[in-house]
Amino acid sequence: MILADKIMQLRKKAGWSQEELAEQLDVTRQSVSKWEGAQSLPDLEKILQMSRLFGVSTDFLLKDELEAESPDPAPDTPALRRVTLAEASAYLALRREAAPKMALATLLCVWSPVALIGLSFVSEAGRFPLTQNAAAGLGLCILLILVAIGVALFLSCGRGCRDFAFLETEPFETEYGVSGMVKERRRAGEDRVQRLNTIAVTLCILAALPLFAAAFWGAAAAYILGVCLTIVLAGIGAALFVYTGTETAAMEKLLEDGEYTRARKHSGNVRNAVSLVYWLTATAVFLFYTFGPRGNGQPQYSWFIWAIAGVLYAAVLAVVRLIEGRRK
């Protein structure tokens, strides 16, 4: 019996249609039809999935001379965790609830330097009885409070999804109906996501306008105001990206699609480690440049470090992905 006949026999024994088997394997019905018609062969990953799905050995599927359905006593790979329809729905509900909190956390973190920059300028201008040290201290307190609130929101959202952390790091299987449900929800929200992303991109582009206007105006006050407005607009844009990205990423994780394919899961830990080291280094550079022994002591002039760090971060990730691609 050839592989095509075995797939058809096992499918009918399980009581599934071609479409239902295709849903289990995350392929199209046409692919299953071609397998059963001996017009094409499934790849090794799909054969392993069918071995686990039907409870037979890979030898039975691949060797034409084996006619008996022998269970695989020692599978080549450990059984993958299966995500049920209820679990998938619960996870999507959690991420939908977390999306506005994640967006707010991002907004607070991006906006956190605004008070520091503004207060430092006010003290330097001498319009209010506020010394530079007092302005820097008060601005740093506000910055740290906003960042602390943002980090607390990020951590609370992460704690709520601890049981689903494996979706981002491990390969898994989904119960029948999960992929269809997730794809349907993604299609239903596609217009809203595109609309919000368009607004976010527009805000990020327009964020440079206050700086250009300040440069044209020439006054120091206009320059500081331009920097603050740029941060505000960029923060709103970033928050919108995070808001839409939280739900979109949840769906990609369940579908093992986009940034969460099985191949990329193996390299995700490396990118996380690089990101952590990078931003800790950027923070250390900012603090040393501003408040170190030879620092200028004026945070309103050292904000540019964050802008440069943001641009270089994208370049660093691109290099990491290029190295990973060459290794593969």
Can you confirm whether [X] sits close enough to [Y] that some side-chain heavy atom of one is under 4.5 Å from a side-chain heavy atom of the other?
X      : Y      : value
Leu225 : Pro210 : no
Phe172 : Glu256 : yes
Ile7   : Leu21  : yes

Test of understanding: with side-chain hydrogen bond (donor to acceptor under 3.5 Å, both in side chains), list the residues that count as partners of Lys101, not counting sequence neighbours.
none
Under the side-chain hydrogen bond (donor to acceptor under 3.5 Å, both in side chains) rule, collect the residues that match up with Arg96, sequence neighbours excluded.
none
Does the plane of the ring in Tyr91 sit parallel, tilted or perpendicular to the ring in Phe164? Use 30° and 60° as the thresholds.
tilted
Residue pairs passing the salt bridge (Lys or Arg N to Asp or Glu O under 4.0 Å) test with at least one member in residues 25-35, sequence neighbours excluded, are Asp26-Lys183
Taking only distance into account, with no hydrogens and no angle test, what donor-acceptor pairs under 3.5 Å do side-chain atoms of residues 104-114 form with protein atoms, sequence neighbours excluded?
from   : atom 1 : to     : atom 2 : distance (Å)
Thr106 : OG1    : Met102 : O      : 2.9
Trp111 : NE1    : Val232 : O      : 3.1
Ser112 : OG     : Cys109 : O      : 2.7

By side chain to side chain contact (heavy atoms under 4.5 Å, CB included), which residues pair with [X], not counting sequence neighbours?
X      : value
Glu23  : Tyr176, Ser179
Ile205 : Val201
Thr198 : Thr202
Ile142 : Ala115, Leu119, Leu138, Leu146

Would you list the atom pairs, donor with acceptor, under 3.5 Å between side chains in residues 150-162 and any protein atom, with sequence neighbours excluded?
from   : atom 1 : to     : atom 2 : distance (Å)
Ser156 : OG     : Ala152 : O      : 3.4
Ser156 : OG     : Leu153 : O      : 2.8
Arg162 : NE     : Arg159 : O      : 3.3

Could you list the residues that satisfy salt bridge (Lys or Arg N to Asp or Glu O under 4.0 Å) with Glu36, not counting sequence neighbours?
Arg11
Taken in chain and number order and not counting sequence neighbours, the residues that satisfy salt bridge (Lys or Arg N to Asp or Glu O under 4.0 Å) with Asp257 are Arg186
For a quick check under 3.5 Å, do Lys46 and Gln49 share a side-chain donor-acceptor pair by atom type?
yes
Which one of Gln24, Arg81, Arg52 satisfies the side-chain hydrogen bond (donor to acceptor under 3.5 Å, both in side chains) criterion with Glu173?
Arg52
Is it the case that over 12 heavy atoms from other parts of the model lie below 6.0 angstrom from the CD atom of Gln39?
yes
Output a table of donor-acceptor pairs, distance under 3.5 Å, between side-chain atoms of residues 236-250 and any protein atom two or more places apart or on a different chain; print 'none' if there are none.
from   : atom 1 : to     : atom 2 : distance (Å)
Thr244 : OG1    : Asn197 : OD1    : 2.8
Thr244 : OG1    : Leu240 : O      : 3.2
Thr244 : OG1    : Phe241 : O      : 3.1
Thr246 : OG1    : Val242 : O      : 2.7
Thr248 : OG1    : Thr244 : O      : 2.9

Would a distance-only check, ignoring hydrogens and angles, find a side-chain to backbone donor-acceptor pair under 3.5 Å from Thr230 to Ala207?
yes
